[in-house]
Amino acid sequence: MKDLRLAFQRGAPEGLTLTGDVDADWANDLSDRGSISSYVYKLAEGSDKLESVALSSTEAEYIAGAHAAKEAIWLQRLLAELGMPNHDPSVLRMDNQSAIAIAKNPQSYNRTKYTEVRHHYLRSKVEEEELELEHIPTGDRVADPLTKALNKEKHSKFAKEMGVLRPA
């Protein structure tokens, strides 16, 4: 692994669109049944153990989405300060359709009453049109290697998509 490098690509500032992938592995930690969440952006990545115990995979994905939303807004502001403002909403790709539905239409999900208010940050950023949620099939989540072990082929594919390459 010592021969891996992080590759940066130059792009046109006016064409900059911040897109992220988010994933959560529900109740994966055997000691406390905590969930592992991750998010990946082309400019930054992060992986965290969720502070809250999620009661379902939907809630774990929703909480992970809230963490990724905070990172997206921070990155938007950083890029604006660097002279690369983006006026379009950032895209956050998730595989859990229920979590996407809760963020887009909270009235139809009464069970979210027990989700801590701070996790509804994702919903507020979608409503304010600062974020746009997009469904991505489970097998295409770039954030997967940050939450679970994968076979070598998938791990290599996603590492390459994150910009982690072997020298030529």
Undergrad: How long is the span from the CG atom in Asp23 to the CG atom in Asp25, to the nearest 0.5 Å?
TA: 7.0 Å

Undergrad: Among Glu161, His155, Glu153, exactly one meets side chain to side chain contact (heavy atoms under 4.5 Å, CB included) together with Lys157. Which residue is that?
TA: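 When side chain to side chain contact (heavy atoms under 4.5 Å, CB included) is applied between Lys157 and each of Glu161, His155, Glu153, only Glu161 qualifies.
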
Undergrad: Do you know which two heavy atoms are closest between Leu92 and Ala69, and how far apart they sit?
TA: CD2-N, 4.3 Å

Undergrad: Nearest heavy-atom pair of Ser98 and Thr58: which atoms, and what distance?
TA: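 Ser98 and Thr58 have their closest heavy atoms at CB-OG1, 3.5 Å.
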
Undergrad: How close do Ala24 and Glu61 get, heavy atom to heavy atom, and via which atoms?
TA: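 Taking every non-hydrogen atom into account, O-OE2, 3.3 Å.
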
Undergrad: Could you check whether Glu130 and Ser90, counting side-chain N and O atoms only, form a donor-acceptor pair closer than 3.5 Å?
TA: no

Undergrad: Measuring from Tyr62:OH to Glu59:CD, what's the distance to the nearest 0.5 Å?
TA: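 Here the interatomic distance stands at 10.0 Å.
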
Undergrad: Answer yes if Val91 and Ile136 sit in the same cluster of Ile, Leu, Val, Met, Phe, Trp and Tyr residues linked by side chain heavy atoms under 4.5 Å apart, and no otherwise.
TA: no

Undergrad: Under the rule for side-chain contact (heavy atoms from CB on, under 4.5 Å), what residues qualify as partners of Ser124, not counting sequence neighbours?
TA: Tyr121, Glu128

Undergrad: Taking the side chain as C-beta and beyond, is there a heavy-atom pair between Glu132 and Val126 under 4.5 Å?
TA: no

Undergrad: Report yes if some heavy atom in the side chain of Val142 is under 4.5 Å from a heavy atom in the side chain of Arg93; otherwise report no.
TA: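 A side-chain contact under 4.5 Å exists here.
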
Undergrad: Could you tell me the separation between the NZ atom of Lys70 and the CG atom of Leu75, rounded to the nearest 0.5 Å?
TA: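 Here the interatomic distance stands at 13.5 Å.
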
Undergrad: If you look at every heavy atom in Leu150 and Phe158, which pair is closest and at what distance?
TA: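 Heavy atoms of Leu150 and Phe158 come nearest at CD1-CD1, 3.7 Å.
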
Undergrad: Shortest non-hydrogen contact from Leu131 to Ala72?
TA: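 For Leu131 versus Ala72, the nearest heavy atoms are CD2-CB, 3.7 Å.
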
Undergrad: Is the shortest side-chain heavy-atom distance between Leu133 and Met94 below 4.5 Å?
TA: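 In contact.
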
Undergrad: Can you measure from CG (Leu122) to CD1 (Ile102) and round to the nearest 0.5 angstrom?
TA: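 Taking CG in Leu122 and CD1 in Ile102, the distance rounds to 10.0 Å.
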
Undergrad: Under 3.5 Å, side chain of His135 to main-chain N/O of Asp95, donor-acceptor pair present?
TA: yes

Undergrad: Answer yes or no: is there a side-chain heavy-atom contact under 4.5 Å between Glu127 and Arg123?
TA: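 Yes, at least one pair of side-chain atoms sits under 4.5 Å.
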
Undergrad: Could you give the distance from CE (Met84) to CG (Leu78), rounded to the nearest 0.5 Å?
TA: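 Between atom CE of Met84 and atom CG of Leu78 there are 7.5 Å.
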
Undergrad: Please identify each residue that fulfils salt bridge (charged side-chain N to carboxylate O under 4.0 Å, His left out) with Asp144, with sequence neighbours left out.
TA: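 Residues passing salt bridge (charged side-chain N to carboxylate O under 4.0 Å, His left out) with Asp144: Arg141, Lys148.
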
Undergrad: What pairs with Glu134 under side-chain hydrogen bond (donor to acceptor under 3.5 Å, both in side chains), at least two apart in sequence or on another chain?
TA: none

Undergrad: Could you check if a side-chain atom of Ile63 sits within less than 4.5 angstrom of a side-chain atom of Ser37, using non-hydrogen atoms only?
TA: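 No. Closest side-chain heavy atoms not under 4.5 Å.
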
